[in-house]
S.K.: 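To start, I am sharing the structure in question, which I have written as structure tokens.
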Amino acid sequence: MRTWRDGDGTLTVGTASGAEAGAGPGAAAGAREVPLRIAASYRARTRGLLGRDGIEGAMMLTPCGSVHTFRMRFPIDVAYLDRKFRVLAVRTMKPGRLGLPRLRARHVVEAEAGAMERWGVRPGVRVELKAAPATAPDTP
């Protein structure tokens, strides 16, 4: 089981079903990469998208099985993922709503309303999430 840390990363959609024969590892036909913000600590998960007017790309909350949109300023798409990053469900939530918990969900990806459809995220699709490599502080 992987341990996630707060930071940036990439969400790649279309990695399982669109892989072409002879393509390099991780390559897929029609794969779409989206900038991702990872919220793994309690504090980052609690804050989530609260207080923001929008988001470029998506935010992954991990571990997470349900979300709410109380005190949010904009509607969001929510994708519930299992441990193998397979999409269990996708919902659009207006501000002030409480989402139902998903029993097999381990991760949640949030984005502005309509984004999941544009990216091709739907139930049954497998996505790939990669954390950006940690940068070491410069030492003289």
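Numbers for residues simply follow the sequence, beginning at 1.
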S.K.: Per the salt bridge (charged side-chain N to carboxylate O under 4.0 Å, His left out) rule, what does the pair list look like for residues 30-55, sequence neighbours excluded?
M.R.: D8-R37, D53-R73

S.K.: How close do L88 and L81 get, counting heavy atoms only, and between which atoms?
M.R.: CD1-C, 4.2 Å

S.K.: Answer yes or no: is there a donor N or O on one side and an acceptor on the other, between the side chain of D77 and the main chain of A111, under 3.5 Å?
M.R.: no

S.K.: Is the side chain of E128 donor-acceptor paired with the backbone N or O of V13 at a distance under 3.5 Å, no angle test?
M.R.: no

S.K.: How close do S66 and G99 get, counting heavy atoms only, and between which atoms?
M.R.: CB-O, 4.0 Å

S.K.: Closest heavy-atom contact between V87 and R122?
M.R.: CB-O, 3.4 Å

S.K.: Are L36 and L129 close enough that some pair of their side-chain heavy atoms sits under 4.5 Å apart?
M.R.: yes

S.K.: Using the side-chain contact (heavy atoms from CB on, under 4.5 Å) rule, pick out the option among E110, R102, R97 that qualifies with V67.
M.R.: E110

S.K.: With F70, which residues qualify under ring-ring contact (aromatic ring centres under 6.0 Å, His included), at least two apart?
M.R.: H68

S.K.: Looking at T62 and A40, would you say the former's side chain and the latter's main chain have a donor-acceptor pair under 3.5 Å?
M.R.: no

S.K.: Run the side-chain contact (heavy atoms from CB on, under 4.5 Å) test on V78 and M116 for me, step by step, so that the C-alpha distance in whole Å, both residues' side-chain angles and the decisive distance to 0.1 Å come before the verdict.
M.R.: CA-CA 8 Å; V78 179; M116 299 289 181; over 6 Å; no

S.K.: Kindly determine whether T69 and I76 satisfy side-chain contact (heavy atoms from CB on, under 4.5 Å), including the steps that lead there.
M.R.: CA-CA 8 Å; T69 58; I76 61 172; 3.8 Å; yes

S.K.: Are L61 and F74 connected into the same hydrophobic cluster when the rule is that any two of I, L, V, M, F, W, Y join if their side-chain heavy atoms are below 4.5 Å apart?
M.R.: yes

S.K.: If you group Ile, Leu, Val, Met, Phe, Trp and Tyr by side-chain heavy-atom gaps below 4.5 Å, do L98 and Y80 land in one group?
M.R.: no

S.K.: Can R126 be said to sit on top of F85's aromatic six-ring, NZ or CZ under 6.0 Å from centre and within 45° of the ring axis?
M.R.: no

S.K.: Indicate the atoms forming the closest heavy-atom contact of A31 with T12, along with that distance.
M.R.: CB-CG2, 4.1 Å

S.K.: Rounded at 0.5 Å granularity, tell me how far CD1 in I38 sits from CE in M59.
M.R.: 10.0 Å

S.K.: Looking at every non-hydrogen atom in both residues, tell me the closest pair between A79 and V90 and how far apart they are.
M.R.: CB-CG2, 4.2 Å

S.K.: Measure the spacing between CE of M72 and CE of M93 and express it to the nearest 0.5 Å.
M.R.: 8.5 Å

S.K.: Answer yes or no: are there more than 12 heavy-atom neighbours, outside R118 itself, under 6.0 Å from its atom CZ?
M.R.: yes

S.K.: What heavy-atom pair brings G57 and W119 nearest, and what distance separates the two atoms?
M.R.: O-CH2, 3.4 Å

